[in-house]
Amino acid sequence: MKLLVREVIDETLAALKAAGTLSFEAVPSYNIEVPKNLEHGDWSCNVAMVMSKAAGKKPGDIADAIIKGLVDRKSIVVSVEKAGPGFLNFRIKDAVFQAVAREVLKAGKTFGRSQPKSTGKKMLVEFVSANPTGPVHIGHARGAFMGDAISRLLDAAGHDVTREFYINDAGNQVETLGKTVYKRYQQLYGATVELAEGEYPAEYVIEIAKTWKAEVGDAFLAKPQAEWLPAAIAVGIRENLKAIRATLAKAGISHDTFFSEASLHASGKVKSIVDVYKARGVTYEATEGKRREKGEKVRSEDSNAAKFADRQLGGTFLMTATYKENEKYVLKDEEDRIILRADGTPVYLTADLAYHKEKFDRGYDLMVDVFGADHAGHVPRIQSGMTLLGFEPKKLQFVLVQMMRIVRGAEEVKVSKRKGTLFELSDLIDEAGADVCRFIFLMKTANAQFDFDLDAVKTQSKENPVFYFQYGHARCASVLKKAIEKGVPFVGAEALTEAQLGKLVLPEEKAMLKKMSLLGDVVTGAAEKLEPHHVLYYCQELIADFHSYYTKYKSDPIVSADVEKTQGRLAMVAALKHTLASAFGILGIEAPEHMEAPPEED
RNA sequence: GCGCUCAUAGCUCAGCUGGAUAGAGCAUCGGCCUUCGAAGCCGAGGGUCGGGGGUUCGAAUCCCUCUGAGCGCGCCA
C-alpha cells in the first residue's frame, strides 16, 4: 500500500522534472509514514522538505508543484493537501485499503516475510555459546532469546541463516570441569576428596559422575591423571552439552551448527593464524605488555593487569592498536594484544581470531555475534584482528546484550556459579513458561539494562504482557469460530467478492488494514537494525486496535445478519489472524487458537 | 584514570535514517459484561525527554560538556 503512494510521488517528480517545473539531480531518500493525527490523512510524506535544498526551492512551493502536477495512474488518491512545514498528506481510496485484506489472505501465515523468499545472502548468527562447564543459567537467557529472535528475523527478511554455537571446549575451565567430575567420581566410590577453590560445587557435576560411573564402572579409579583427565573432560563436556541443548530446546531455540574451539587447535588453525599475521607484518616480539605511551596513570593499582603482572613474560603481539600502514586500517583497540605467550602457547584471543577467520573464510555476507556486555572489551580486538587480515569489518556485527539484575520484588537475587547458587534457565522456563520468558527479553532493546523480576513473570497477572498478545490472536480465532457456529463461515480468499470487501469502510478497519500492510516494512527495518522488539511493538499496536474495534462495535458485531458485511469483516479478521501468527512466528511465541480463562481474583 | 553502554510519566520500557500536539503497559482513580471471549474496552490524572551549551526551517533523536548508573580495562576464558 505504501509502495503505491511512493509510486505516485516518484512518477509525479519525474514528470515535474521532465516538464522543467522542478530541477534536481536525484530524489533524496524520503519517508512516507502513518500520521499520528487522523486529520493529517492516510499517509504523510516529507519529500517536499527533504528535497528543498536539492531543488533550490521552498518546501511549500515544491509541495504545491507536486499537488498541481500529481500523476496518479492507478487512481488511488482521493486528495492531497499541503500541511505544516511542507508535509504532503494523502487520502487514499477505500478499495486500496480493502485490497490489503486479500493480499494478506493470499500470503497466509507467510505474510510479512520477504518476497522473493531468498535474498541469496548467507548470514551466520552466533549466540548463547555458554561454556560447556555447566548448565544454561539465567545470565545466558537474554542473549539466547535475542540471538534466536535475530535469527528468525533475518530469516523472515529472506536471508539464508545459520545459527551457530561456539563451544569453549579448550583451556583451563574445561580442565577444571574434568577434575571436578573425577573427584565426584571418586566420592561415589567412597573416597574422601575435597573440591578445590574454583572447582564446580554444584549438583549437576555429581550427576555427570554418576552417568560416568554407570558407563565405565571403576575403570578410571586406579588410572594416572594423564588417562582419567581427558576422559573426565570428555564426559563432562558431552553431558553438559546434552543438558544445554535440552534446555535450549525447551526455550524454542535450536542451533544448526556447534563449532568446537578444541577442533581449531587440533586442526592447526590456531597456530597457522599466527603465521598469517607474522607474514603480513602485523606482529612483533616484546618482553612485556605494550601499554599506551605517555606515562599517565593507565589503570588502578588493584586492576587485574597489576594483579597478574608477574605472569606477563612477553611473547608475540598483534598490532591491534598500533598498525598503521595506510588509512584503510581503522583500528579501534586500545592496545596491542598478545597472541602467543613467551612459551609459544596461544591465548584465548588467538583461538577466537582463528574462529572468526574461519567464519569469514566460509563466505558469509553478514556475521552476527551476540555477546554479553561483559565481553564488550573483546569486540575491538576481534574487529581489529579481522581488519588486519584484510576482511571487511562491517560484515561482522556485534549485538551486546546488557547485564540484568535478577530481582524478586524489591530484593536482588545473587547468582553465583562459584558458590553453586545457579539459577538455571530450565527452572525459569518451568516456572514462568517459555513464551513469557522470551517475551520479557524481547520487549527491550539489547543495549539497555533492566531488572528481571521473578515474581512478576511467575504470576499470570497484568504485569505479564504476553497474554495480551496471545489473547488478541485467540480472539480472532474465536470470531471465526463463532461465524461457523452461526452458519456463516468465512468463504475464504478465493470466493470473497469485491462487494463483500467493499463493506470495510470504518476508519478503524482501514487503520488496521493499513497497519497490516506494514508488517513487511517492520520486519525489514528490524532485521537491518538487528532489533526484534520493533516487531513486538508493532503487534501490540495492531492488537490494541483490534480489541478497541471489537469492543466499540459490539452492537454492530462482525458476525451479523448482513451476510455481505459479515464476509467483509471476517476477511479482515482472518487477515489480522494471519498477520499476527506470522509476526508471532518471527518472534518465536505461540499463536494459540484458544486460551483458558484466567484465575479468578478479587 | 581510560573505554563501552545507558539516563524519557510513580514503576518497566517504546519512540524508525532529525519532522506536525512525546507514546504503550503496569500502578492509581472513575465508568462498561442481555448479543462475536471482560486476560478486554472507554475516560482521567501524571513529563523542564538527567543538567547546560551548540548545529537548523525543526532536536527526545545529531555534536560538545557536566552529573549519575552499569559493564569492561589479564599472557582467564
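Every chain is numbered from 1, with letters handed out A, B, ... down the list of sequences.
- Residues A:Glu199 and A:Lys179 are not paired through a salt bridge, judged by the lack of any N-O separation under 4.0 Å between the basic side chain and the carboxylate.
- Per the geometry, CG belonging to A:Leu38 stands 14 Å off C1' belonging to B:A20, to the nearest Å.
- Contacts between residues 535-545 of chain A and RNA chain B, counted as heavy-atom distances below 4.0 Å, involve A:Tyr537, A:Gln540.
- Side-chain N/O atoms of A:Ser548 include one lying less than 4.0 angstrom from OP1 or OP2 on B:C42.
- Look at A:Lys554 and you won't find any side-chain N or O under 4.0 angstrom from OP1 or OP2 of B:C36.
- For the pair A:Glu528 and A:Pro35, nearest-nucleotide mapping onto RNA chain B gives the more 5' position to A:Glu528.
- The A:Gln173 side chain lies nearest to B:A77 when the options are B:A77, B:G70, B:G19.
- Distance from the side chain of A:Arg341 is smallest to B:C76 among B:G70, B:C41, B:C76.
- Of the residues listed (A:Phe398, A:Tyr348, A:Tyr355), the one engaging A:His378 in a ring pair (Phe, Tyr, Trp, His ring centres under 6.0 Å) is A:Tyr348, and it is the only one.
- For the pair A:Arg337 and A:Phe317, the NZ or CZ position fails the cation-pi test of under 6.0 Å to the six-membered ring centre and within 45 degrees of the ring normal.
- Glycosidic conformation, B:C29: anti, with the torsion outside 90° of 0.
- Within the structure, every side-chain polar atom (N or O) of A:Tyr30 is placed at least 4.0 Å from both OP1 and OP2 of B:G18.
- Judged by the 6.0 Å distance and 45° axis criteria, A:Arg569 is not positioned over the aromatic ring of A:Tyr549.
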Legend entry - Intra- and interstrand pairs of RNA chain B - dot-bracket, Watson-Crick/G-U under 3.5 Å, | marks other strand: (((((((..((((.....[...)))).(((((.......))))).....(((((..]....))))))))))))....
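- The pair A:Lys565-A:Asp556 meets the salt-bridge criterion, with a side-chain N (NZ, NE, NH1 or NH2) lying under 4.0 Å from an Asp/Glu carboxylate O.
- OP1 or OP2 of B:A38 sits under 4.0 Å from a side-chain N or O of A:Arg475.
- Listed nucleotides: B:G37, B:U35, B:C76. Nearest to the side chain of A:Ala474: B:G37.
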